[in-house]
Structure formats: structure tokens, C-alpha cells
Amino acid sequence: MAVAAVCLLMLIGAAVVYLTCIVKTTEAHPIAIDASENVAIISDGQGFSQQFTSPVDHLTGVTVRASLPGGKPETGEIVFALRDEQENIIAQQAFEAAKIRSNAPMNIAFPEYEQAQGKAFTLEIQGTELAGDTPVGFRGGNEGIGIMTLPDGSAVEDRALSLTVTSISYTYSVWFVVAAIMVVSALLPVLAVCANGKERGAK
């Protein structure tokens, strides 16, 4: 009985060490860094898409940069949709056009997509109800990361959005591991003595 109790306590201790020592951090991974020009400009009802391959697992976001070549639109939205290889929408987010800042990053966040490394994704960007002739541009350059389908329907591979993906990284904190092991090591003898005492009392 005492041996079983000690084994159980050791299992609990191991679980505590495992759960308390994992540290989650967010990391950024640039896929295309050239942002020297507007590679796509959209007006109301127009859109385009950019394909890319994820370099990492645990994907949690995609970041692009917009520009305002005709001034800031007073109304409307820019709608982003991210599709996986099966064309399932895994993220969709709308930004108010009036709140867009030129050259500022726009991050599309979504729940963790675990098995992402080496898989192809398509980012779709659409303008809806944009006021008048106030288009929104997106920065990029002459990098090939996948097919870009432009607003006129043509497809190119030698231009790309300036695009960065974010992911979650799981690591262990050495200090947390040491502290958890010390706590468990200190408690186990005490708990074992208590278990033995209960067993003797039962006899």
C-alpha cells in the first residue's frame, strides 16, 4: 500500500514538473521582407491573394503592411481570409479602413494551427464599401514566395507581399524544472511517512 502511494505521488510530482516548466513564447518569421513598392492596390469590391509556405509549426498569425496612396478611406473595410491547402478558411478578420495607418503592420491572428510547417496557405485580401476613389495598397517587392493573384485576375510568381508569420514556441525553463524537482523531492519523504503511518494504523 505504501509503495503504491509513493508511486502515485511520484507520478503526480512528474506531472507537476511537466506542466509548470513549459514556457510558451511567440516568435516572428519573415517570409518576404522587401516592402519597397505597392505590389497590389485595391478599391471597393476588389481583392487579390498571396500563396506562401509556412516555415514553422504552431502558426498563430500573419502580418502584412498596407499603404494609403490616395489618402485614408472614410468608410469600408479590408477583409482578410486565410485558407489552408484544402481551401478551408482557418482565419478571417476585418479591419476598418478609416483606422488603417500607412506602412503600419496589420496582423491577422487566429487559434494555433499545429501542423503547419511545409504546408501551403493562401491569404485573401478584399476591399468592401471603400469610399470613392480611395484605394488601399499593400507593400511588397520582387520576391518569389508563391503565386500572387492580382486584382485584375492575372497571376505572378516574381512579386510578393511583405509577409511575416508568427508562431508559438514551447520550451522548458531550467529554473522552473530545478525548483519543481526540489519541491517534489522535499515532499515525497514526508508523504511516504504519512502513507506508512496510515498503513500501520490500519493494521
Side-chain angles (χ1 to χ4, degrees), residues 28-167:
H29 309 271
I31 295 180
I33 60 174
D34 188 354
S36 59
E37 60 179 303
N38 286 324
V39 292
I41 298 176
I42 58 175
S43 297
D44 182 34
Q46 293 184 320
F48 71 102
S49 64
Q50 172 71 66
Q51 293 181 358
F52 67 92
T53 300
S54 174
V56 290
D57 285 328
H58 308 291
L59 207 62
T60 57
V62 177
T63 301
V64 299
R65 290 182 179 273
S67 67
L68 303 169
K72 185 175 292 188
E74 295 181 0
T75 62
E77 293 181 330
I78 301 296
V79 181
F80 294 85
L82 184 65
R83 296 182 183 270
D84 61 15
E85 290 182 324
Q86 288 72 45
E87 297 190 356
N88 299 313
I89 295 178
I90 62 174
Q92 193 164 21
Q93 191 168 344
F95 291 82
E96 290 184 44
K99 294 182 179 181
I100 295 175
R101 293 181 297 156
S102 191
N103 291 320
M106 301 176 70
N107 182 57
I108 302 90
F110 46 87
E112 181 182 353
Y113 193 104
E114 294 185 358
Q115 304 299 320
Q117 186 172 15
K119 293 183 179 179
F121 295 85
T122 301
L123 179 64
E124 300 174 346
I125 303 176
Q126 181 82 22
T128 62
E129 300 182 0
L130 297 177
D133 296 322
T134 49
V136 176
F138 289 86
R139 307 298 289 177
N142 297 320
E143 296 184 67
I145 63 172
I147 296 174
M148 173 184 280
T149 302
L150 298 173
D152 63 5
S154 60
V156 297
E157 294 187 63
D158 58 350
R159 304 177 75 191
L161 283 175
S162 176
L163 189 148
T164 297
V165 297
T166 53
S167 69

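Since this is a predicted model, take the numbers as computed values, not measurements.
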Side-chain donor/acceptor pairs under 3.5 Å, residues 134-150, sequence neighbours excluded:
unit_1	atom_1	unit_2	atom_2	d
Thr134	OG1	Ala131	O	2.3
Arg139	NE	Ala35	O	3.4
Arg139	NH1	Asn38	OD1	3.1
Arg139	NH2	Ala35	O	3.4
Arg139	NH2	Ser36	O	3.0
Glu143	OE2	Ile33	N	3.0
Glu143	OE2	Asp34	N	2.6

Calculate, to the nearest 0.5 Å, the distance between atoms [atom1] and [atom2] belonging to [X] and [Y] respectively.
{"X": "Glu124", "Y": "Phe48", "atom1": "CD", "atom2": "CZ", "value": "11.0 Å"}
{"X": "Glu129", "Y": "Glu74", "atom1": "CD", "atom2": "CD", "value": "14.0 Å"}
{"X": "Leu82", "Y": "Leu123", "atom1": "CG", "atom2": "CG", "value": "6.0 Å"}

Check: Would the number of heavy atoms belonging to other residues, nucleotides or ligands and lying under 6.0 Å from CD of Glu37 be above 12?
Finding: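 Result for CD/Glu37: enclosed.
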Item checked: Crowding at CD, Gln86 (>12 non-hydrogen neighbours, <6.0 Å) ->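 Enclosed.
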Show me, pair by pair, the donor-acceptor contacts under 3.5 angstrom made by side chains of residues 114-122, not counting sequence neighbours?
unit_1	atom_1	unit_2	atom_2	d
Gln117	NE2	Pro55	O	3.2
Lys119	NZ	Gln115	O	3.0

Notebook entry, point to check: When you look at Phe80 and Ile78, which way does the side-chain contact (heavy atoms from CB on, under 4.5 Å) test go after all the steps?
Noted result: CA-CA 7 Å; Phe80 294 85; Ile78 301 296; 3.6 Å; yes
Next item on the list: Apply the side-chain contact (heavy atoms from CB on, under 4.5 Å) test between Ser54 and each candidate in Leu59, Asp84, Val62; give the one that qualifies.
Entry: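 Between Ser54 and the candidates, side-chain contact (heavy atoms from CB on, under 4.5 Å) is satisfied uniquely by Leu59.
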Checklist line | Passing option when Thr128 is tested against Val79, Thr75, Ile42 for side-chain contact (heavy atoms from CB on, under 4.5 Å) | finding: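 Among Val79, Thr75, Ile42, the one meeting side-chain contact (heavy atoms from CB on, under 4.5 Å) with Thr128 is Val79.
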Notebook entry, point to check: Does a side-chain heavy-atom distance below 4.5 Å link Val39 with Val156?
Noted result: no
Item checked: Minimum side-chain heavy-atom gap Ser67-Ile41 below 4.5 Å -> no
Check: Looking only at heavy atoms, what is the nearest atom pair of Ala28 and Thr164, with distance?
Finding: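 The answer is CB-CG2, 4.0 Å.
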Scan the side chains in residues 88-105 for donor-acceptor partners under 3.5 Å anywhere in the protein, sequence neighbours excluded, and list what turns up.
unit_1	atom_1	unit_2	atom_2	d
Gln93	OE1	Ala109	N	3.2

Notebook entry, point to check: Residues in side-chain hydrogen bond (donor to acceptor under 3.5 Å, both in side chains) with Thr60, at least two apart?
Noted result: Thr166
Check: Considering residues at least two apart in sequence or located in another chain, which fulfil the side-chain hydrogen bond (donor to acceptor under 3.5 Å, both in side chains) criterion with Ser167?
Finding: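 His29.
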Note to self: Under the salt bridge (charged side-chain N to carboxylate O under 4.0 Å, His left out) definition, can you give me all pairs with a residue in residues 40-68, not counting sequence neighbours?
What the structure shows: none
